[in-house]
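One structure is given here, and the rest of the page talks about it.
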Amino acid sequence: MKRVFSGVQPTGNIHIGNYLGALKQFVELQEDHDCIYCIVDMHSITMPQDPKELKQHILDVAALYLSIGIDPKRSIVFVQSDVPGHAELSWILTCNAYTGELSRMTQFKQKSKDKESAPAGLFCYPVLMAADILLYDTDVVPVGNDQKQHIELTRDLAVRMNGKYGNMFVVPDGRFLKSGARVMALDDPTSKMSKSAPNAFSRISLLDTPEKIKKSIMKATTDSEGEVRFDIENKPGVSNLLNIYSAFSGRDVEDIAAQYAGSGYGAFKKDLVEITVDAVTPIQQKYEEIRQSQELLDILKDGAERAGAISEKTVKRVKDMIGFGAC
Ligand code: AQP
C-alpha cells in the first residue's frame, strides 16, 4: 500500500477550507492507503502562540480528526513534537536548502509582509514540512492548493539529497482536489480562508453553531449583479460560494448555478447554509463525545510510538548516509 502523510496546524478551529481542501481526502485515502496524520504543533510556533491555548488546540484538532472519520486503528494519528525525528531531519534538510529558494515561498512573503524582521522559523517552515513528509517515506500528500509550492520544494529537496547521497528519500506527490482545494475568505474572496484571520465571519469553523454559519454565509461578500454564475475573475465571491456548495454536495458548479438562475442570491445562500449545517452537525456530535475522553490521549500516545518507530529508521538511514556519528 502507498504511504500517505499530511498534517494540520493547531492554530485555531479547523475551518471548512481545511476540511474541504485536505481533511476530507484524509478520510477517503484510509480505504486503500497506509495513512499517517499529524498535528503539526512545531509549525504553529512560527507565529506567536499562547501555551495554554496551544495545548487545547492540539487536542481540538486531534478530536476533530477522529470526528470526521479518521480511524486510529487504520491510520496513525500523533502530535509532531512527540516524535524527535521531525526536528532532526529538518536540520539536515535546512543545511541542504538555499535561502534563495526559501525566500521565493509565497506563504513566507505573505506572513512576513508587514514585518521589519520575521522569525527564522517562519522562513524555514517549508523545510520542516519537507522533513515531516520525507521522514515517513511518503508517496502521497493530500493538501490544499496553498501548499503546492511547499510540495514542490519537498520534491526538489528529496531529488537533491538522492543525487548527493544515493537513494535516500521517496519523492512524494501532492494530491489536490478539484473543488475545495482553495476555499476563499467569506469577507474577502481574494484571500484564502484562514484560521488566524481576525474576522471570525471570514471563515466557517467545523465547530460553529448553525446561527454563526447562517450569519457568515448571509454576510458573505458577493456582488451587485444578482446572478449565480461561476466566474472567478469577475465574480470571486459568488464563485467561492459555488465552490463550497459543490464540494459539500458533490454537484458540479454549472449544475448548481443553473438551479438558481434568475432567483438572486437569497435562495442560493439559504440552501448553502442548510447544506453546510447538515455537513458539520454529525462531526460536532462525535466531537462532543471524543474531546474530553481519555481515549483521545491514549490514541495520541500510541500514534507517537508507531510514528516514532517508523521515523527512527529513516533518521538512522539518513545519518548513516551523510556520515554522522562515531559508530
Ligand atoms: N482556504 C483553504 N482552502 C483549502 N485548503 C486549505 N488549507 C488551508 N487553508 C485552506 C489546507 O488545510 C490544511 C491544513 O492547513 P494548516 O493548518 O497546515 O495551515 P494553513 O495552510 O496555514 O491554514 P490556515 O487555516 O490558513 O491556518 P493559519 O491561519 O494558521 O495560517 C493544508 O493542507 C492546507 O493546504
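Along the sequence shown, the residues carry numbers beginning at 1. What you are looking at is a predicted structure, and each value in this text was computed from that prediction instead of being measured. Remember, it's 1-based here, ligands and their atoms both numbered in the order they're listed.
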Starting from [atom], what is the nearest protein heavy atom, named by residue and atom, and what distance separates them?
| atom | value |
| --- | --- |
| atom 8 (C) of ligand 1 | N18 ND2, 3.1 Å |
| atom 30 (O) of ligand 1 | T11 OG1, 2.8 Å |
| atom 28 (P) of ligand 1 | S196 OG, 3.4 Å |
| atom 5 (N) of ligand 1 | G17 O, 3.1 Å |

Check whether any side-chain N or O of [X] sits under 3.5 Å from a backbone N or O of [Y] as a donor-acceptor pair, and report yes or no.
| X | Y | value |
| --- | --- | --- |
| E227 | S263 | no |
| S67 | A63 | yes |
| Q80 | M42 | yes |

Per-atom contacts, ligand 1 versus [X] - under 4.0 Å to a heavy atom:
| X | value |
| --- | --- |
| G21 | 4 (C), 5 (N) |
| R182 | 3 (N), 4 (C) |
| V183 | 1 (N), 2 (C), 3 (N), 4 (C) |
| V8 | 14 (C), 17 (O) |

- Rounded to the nearest 0.5 Å, what's the gap from CD on Q292 to CG on L297? Could you check?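 Output value for this atom pair is 9.5 Å.
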
- Query: Is NZ or CZ of K212 both nearer than 6.0 Å to the six-membered ring centre of F201 and within 45° of the ring axis?
  - Reply: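 Yes, cation above the ring, under 6.0 Å and within 45°.
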
- Task: Would you kindly check if the NZ (Lys) or CZ (Arg) of K235 is within the cone defined by 45 degrees around the ring axis of F230 and under 6.0 Å from the six-membered ring centre?
- Result: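 Verdict for F230: no cation-pi partner in K235.
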
Applying a heavy-atom cut-off of 4.0 Å, say which part of [X] lies close to ligand 1: side chain, backbone, both or neither.
| X | result |
| --- | --- |
| M184 | neither |
| A22 | side chain |
| D146 | side chain |
| V143 | both |
| K195 | both |
| S6 | neither |
| H43 | neither |

Option nearest [atom] (shortest heavy-atom distance, choices [options]):
| atom | options | result |
| --- | --- | --- |
| atom 31 (O) of ligand 1 | Q25, Q49, R175, K111 | K111 |
| atom 26 (O) of ligand 1 | Q147, K192, R203, Q110 | K192 |
| atom 18 (O) of ligand 1 | H57, Q9, K148 | Q9 |

- Task: Determine whether any heavy atom of H15 lies closer than 4.0 Å to an atom of ligand 1.
- Result: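 Under 4.0 Å: yes for H15.
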
- Item | Ion pair R155/D173, N-O distance below 4.0 Å |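 Looking at R155 and D173, the cut-off is met.
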
- Message: I'd like to know if the side chain of D271 pairs up with that of Y245 as donor and acceptor (distance under 3.5 Å, no hydrogens or angles considered).
- Response: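 No donor-acceptor contact under 3.5 Å links the two side chains.
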
- Query: Are N96 and K164 close enough that a side-chain donor and a side-chain acceptor fall under 3.5 Å?
  - Reply: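 A donor-acceptor contact under 3.5 Å links the two side chains.
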
Ligand 1 N/O within reach of [X] N/O, cut-off under 3.5 Å:
| X | result |
| --- | --- |
| M193 | yes |
| S194 | yes |
| A197 | no |

- Query: When clusters are formed by joining ILVMFWY residues with side-chain heavy atoms under 4.5 Å apart, either directly or through shared neighbours, do L20 and V277 land in the same one?
  - Reply: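 Both belong to a single hydrophobic cluster.
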
- Cluster link V140 to Y65, ILVMFWY, side chain under 4.5 Å: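 Both belong to a single hydrophobic cluster.
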
- Message: Can you list everything that forms a side chain to side chain donor-acceptor pair (under 3.5 Å) with H33? Sequence neighbours excluded, please.
- Response: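 Residues passing side chain to side chain donor-acceptor pair (under 3.5 Å) with H33: none at all.
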
- Is the H150-F108 ring centre distance short of 6.0 angstrom?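 That pair fails the under 6.0 Å test.
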
